[in-house]
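All chains are named by letter (A, B, ...) in the order of the sequence lines, taking the proteins before the strands, and each is independently numbered beginning at 1.
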Amino acid sequence: MTAARIEQIAALQAQLGQSGYVVERDLAATLLLMADLGRPLLVEGDPGVGKTEIAKALAAARGTTLIRLQCYEGLDTHHALSEWNYQRQLLAIRLAETGSGSLAEDDLFAPKYLLKRPLLDALTQEAAPVLLIDEVDRADEAFEAFLLEMLSDYQVSIPELGTIRATAIPLVVLTSNATRELSDALRRRCLYHYLDYPSFEKEVAIIQARAPAIGDRLARQVVELVQALRRMDLKKRPGIAETLDWVASLLRLGISGLDEGGPELIQDTLATLLKTREDLRAIDRTVLDRLIASAA
Amino acid sequence: MSALDEALVARIAGFVATMRSNGFAIGMRESADALTAAATIGVGAREPLRWAWRSLLCQRADDWNRFDDLFDSYWMPPNRKAATPSKAGGAGRAAFDEGAGASAGKPGPVLRLETGEEGSSAPDAPQAKDGASAAAALEQADFRHLGDRDQVRAIEIVIRSFAMRLKRLRIRREQAAASGARIDLRRTLRRAVGTAGTPGNLVHLAPRRVRPRLVLLLDVSRSMSLYSFFYLRMARALALTLGDVHVFAYHTHLTHISDPLRDDDPWRAQERLHLLSAGWAGGTRIGECLAAFNRQHAGRLVHSRTALIIASDGYDTGEPGLLGSALGELARRARLIAWLNPAKAAADYAPLARGMREALPHLDLFAAGNSVESLQAALGQILEAL
């Protein structure tokens, strides 16, 4: 049984790797457990480590749709769950008044007048989709309570239509940037995973998966430099997306090593890595020369 | 179920109970799911089980970091250590118990409190400065006396009255209310639409009630070891009474201790603080810790209604200038910065420590606060300033 499990974990790792997402064995094991236990997954970590990418890669690996709900302050059920199409209902009433026949009240609340938003969409899919609830810490506590209710039983009740149960239980991934403390009840409901910045080997693997045209030497130099930048006291540390952008800009320059072409060339591309004025000023010529020298 | 299966289930249940007693919030459903996971994955290999239980039983980043050690300590062969006995006492003189600590197998001397003269404000303050070294010591503080009854009661009385006065604070920002001193013209005219243009119902403006936020930064290095417990008790009383209180402890680095301190159960609070207390009572790098606080937490916590209370003696063994610049940045953001220095209780105190001199220009309030009376006076002054 354990050997079969280890094989399953390796298989999921390979599948996700094919979609371009390099995942470690513990996260792959957690994703399997998610499907077994039917619990949502809460992923926390610094910005830019690839929390949102997990859901995208999981949807690609399983061949299902990805449904995304982006949370913000003041998000309520009208934008998240469903809303009645008031204009269409008014139009139907008007048409019934002016001419063709009567309109029963039940017809007015038929499913064709219901605008489905992401959560209801996720519950009514035929094949189990992947539901990504992004930055759930930005929504307020009332919305969290509603989410908790939905995630516990995977059913919602719409007043005019009654209770709607999930046809296939979706795989739910929640991400959080820890700007606000999430309620304990929501945390208890979910599996938890803390995503840290990747190790050296993992980041090289990610670059080679996403940008196969890069040479091995340049990839290692790039990762060395970016990891050194992360250890420095920057206001906004570069994440994996920034690394990939920088790799793309370096590939356009056509160099095969950071020490080619001169530091001015590299400094021009730094805008992909450093996103604030203080950071750009902090990494001036001398610092950049030192970093390139230690990375090469 | 065979006897082997029963034994296995009992052991897993024991593991869940151990995690629960270590501060992990695990309910019935989670423990049932832990057993289901073990059944699905199989108990042959340790790692898949570790990953599955880690994602199931952890709920936040702190749990995540602690899980591996607890897992290993339960499932791996035991490593038995005897606990050192401690003498009862209040905030007395701290001593280094070389003998007892070494025999019990703990790494290094054990910091322990013994009864001594209380309130003798540090006459050996200059020597304490030599004692604080730049390297972090491998000591673990003894938190058994965090709940010392009499002193805690006295502190709680002071804090309770402070909290009540704090809750009644109002600020100048106004909001609509049924009655108040001024009339809100905009809303009154809007309401007048309903009564054909004549203002029948008046809407008033009343000052909005806002509770200020308190952030406490407590120095727990060796030079402050006489007073750390007092300030910790004060912080605990504040955290339990008021809602918006955040407490950090620092010596060579900064640790967030609001959650363990706020725990209702004093034993559990003690355990959690114990786990965080590695390296306490070492040397102090105030400037670096304040800079780290600026970087990691100030953006989130410090706003214009925040009162920042720093409890330290000002002996900084880090780089010069860092403390001043960090405090300058904080002074721009916070409403009030108060510094509680126990050495100030001495009549002939003059700020000789470099850290203290750097900090003084940025402080709004500089007081002693090392005994219950001076604490009351300091809190009163903070209230007036807020």
Side-chain angles (χ1 to χ4, degrees), chain A residues 1-10 12-13 23-46 49 137 151-152 173-174 176-196 232-237 278, chain B residues 19-20 23-68 71 243-244 246 256 258-259 262 288 291-292 294-301 322 326 329:
Chain A
M1 198 167 35
T2 317
R5 187 70 178 192
I6 297 184
E7 277 175 27
Q8 282 176 330
I9 296 177
L12 182 60
Q13 247 188 318
V23 76
E24 307 207 316
R25 283 171 59 193
D26 53 356
L27 183 51
T30 306
L31 291 173
L32 276 181
L33 195 67
M34 228 173 96
D36 285 340
L37 292 178
R39 278 178 178 253
L41 173 67
L42 172 64
V43 187
E44 275 189 347
D46 284 321
V49 293
D137 52 325
L151 292 177
S152 306
V173 178
L174 298 101
S176 163
N177 271 325
T179 50
R180 179 177 69 82
E181 186 61 35
L182 293 174
S183 75
D184 269 351
L186 189 63
R187 284 186 187 271
R188 264 213 306 278
R189 177 75 195 114
C190 305
L191 298 178
Y192 182 83
H193 191 95
Y194 184 79
L195 208 51
D196 211 348
M232 291 174 63
D233 190 7
L234 294 177
K235 228 167 167 210
K236 188 178 180 316
R237 288 197 280 181
E278 292 91 350
Chain B
M19 303 301 285
R20 205 179 271 140
F24 283 66
I26 304 173
M28 297 299 299
R29 203 167 172 186
E30 285 78 41
S31 41
D33 278 340
L35 284 170
T36 317
T40 326
I41 298 175
V43 294
R46 198 187 318 130
E47 290 311 303
L49 267 183
R50 180 203 292 269
W51 300 329
W53 283 342
R54 185 175 61 176
S55 59
L56 195 54
L57 302 177
C58 291
Q59 285 167 15
R60 45 177 52 83
D62 288 338
D63 297 348
W64 188 264
N65 294 331
R66 287 193 295 151
F67 182 88
D68 280 327
F71 183 91
D244 205 355
H246 303 262
H256 191 157
S258 302
D259 280 336
R262 201 186 290 260
E288 287 178 22
N294 265 342
R295 247 193 344 260
Q296 294 164 9
H297 303 279
R300 199 169 39 98
L301 286 181
L322 201 53
E329 267 188 52

Rounded to the nearest 0.5 angstrom, the CG-CE distance for B:Leu56 and A:Met34 is 13.0 Å
What are the two closest heavy atoms between A:Thr30 and B:Trp51, and how far apart are they? OG1-O, 4.3 Å
Turns out that what part of A:Asp26 lies under 4.5 Å from chain B's heavy atoms comes down to both
Inspect the contact between A:Arg39 and B:Glu30 and indicate whether a charged nitrogen and a carboxylate oxygen are less than 4.0 angstrom apart. yes
Within this structure, what is the CD1-CD distance for the pair B:Ile41 and A:Gln8, rounded to the nearest 0.5 Å? 9.5 Å
Let me confirm one number: the CG-CG distance from A:Leu37 to B:Asp33, rounded to the nearest 0.5 Å. 4.5 Å
Quick one: are A:Asp184 and B:Arg60 in side-chain contact, heavy atoms under 4.5 Å? yes
For atom NZ of A:Lys236, decide whether the heavy atoms of other residues, nucleotides or ligands shown that lie under 6.0 angstrom number more than 12. yes
Side-chain ion pair, A:Arg187 and B:Asp63, N-O less than 4.0 Å: no
So A:Tyr194 and B:Trp64, would you call those rings parallel, tilted or perpendicular, with 30° and 60° as cut-offs? tilted
Shortest non-hydrogen contact from B:Ala45 toward A:Ile6: CB-CD1, 4.2 Å
Of the listed B:Gly27, B:Gly42, B:Ala37, B:Ala291, the one with the largest count of heavy-atom pairs under 4.5 Å with chain A is B:Gly42
CZ/B:Arg46: more than 12 non-hydrogen atoms of other groups inside 6.0 Å: no
Can you tell me if CZ on B:Arg50 sees more than 12 non-hydrogen neighbours from other groups inside 6.0 Å? yes
Can you give me the closest heavy-atom contact between B:Val43 and A:Thr2, atom names plus distance? N-OG1, 4.0 Å
Smallest separation among heavy atoms of B:Ser55 and A:Leu33, with atom names: OG-CD2, 3.9 Å
Below 4.5 Å from any heavy atom of chain A, which atoms of B:Ala39 appear? Answer side chain, backbone, both or neither. backbone
Derivation and outcome, side-chain contact (heavy atoms from CB on, under 4.5 Å), residues B:Gln59 and A:Leu42: CA-CA 9 Å; B:Gln59 285 167 15; A:Leu42 172 64; over 6 Å; no
List the steps and the verdict of side-chain contact (heavy atoms from CB on, under 4.5 Å) for B:Arg29 and A:Arg188. CA-CA 9 Å; B:Arg29 203 167 172 186; A:Arg188 264 213 306 278; over 6 Å; no
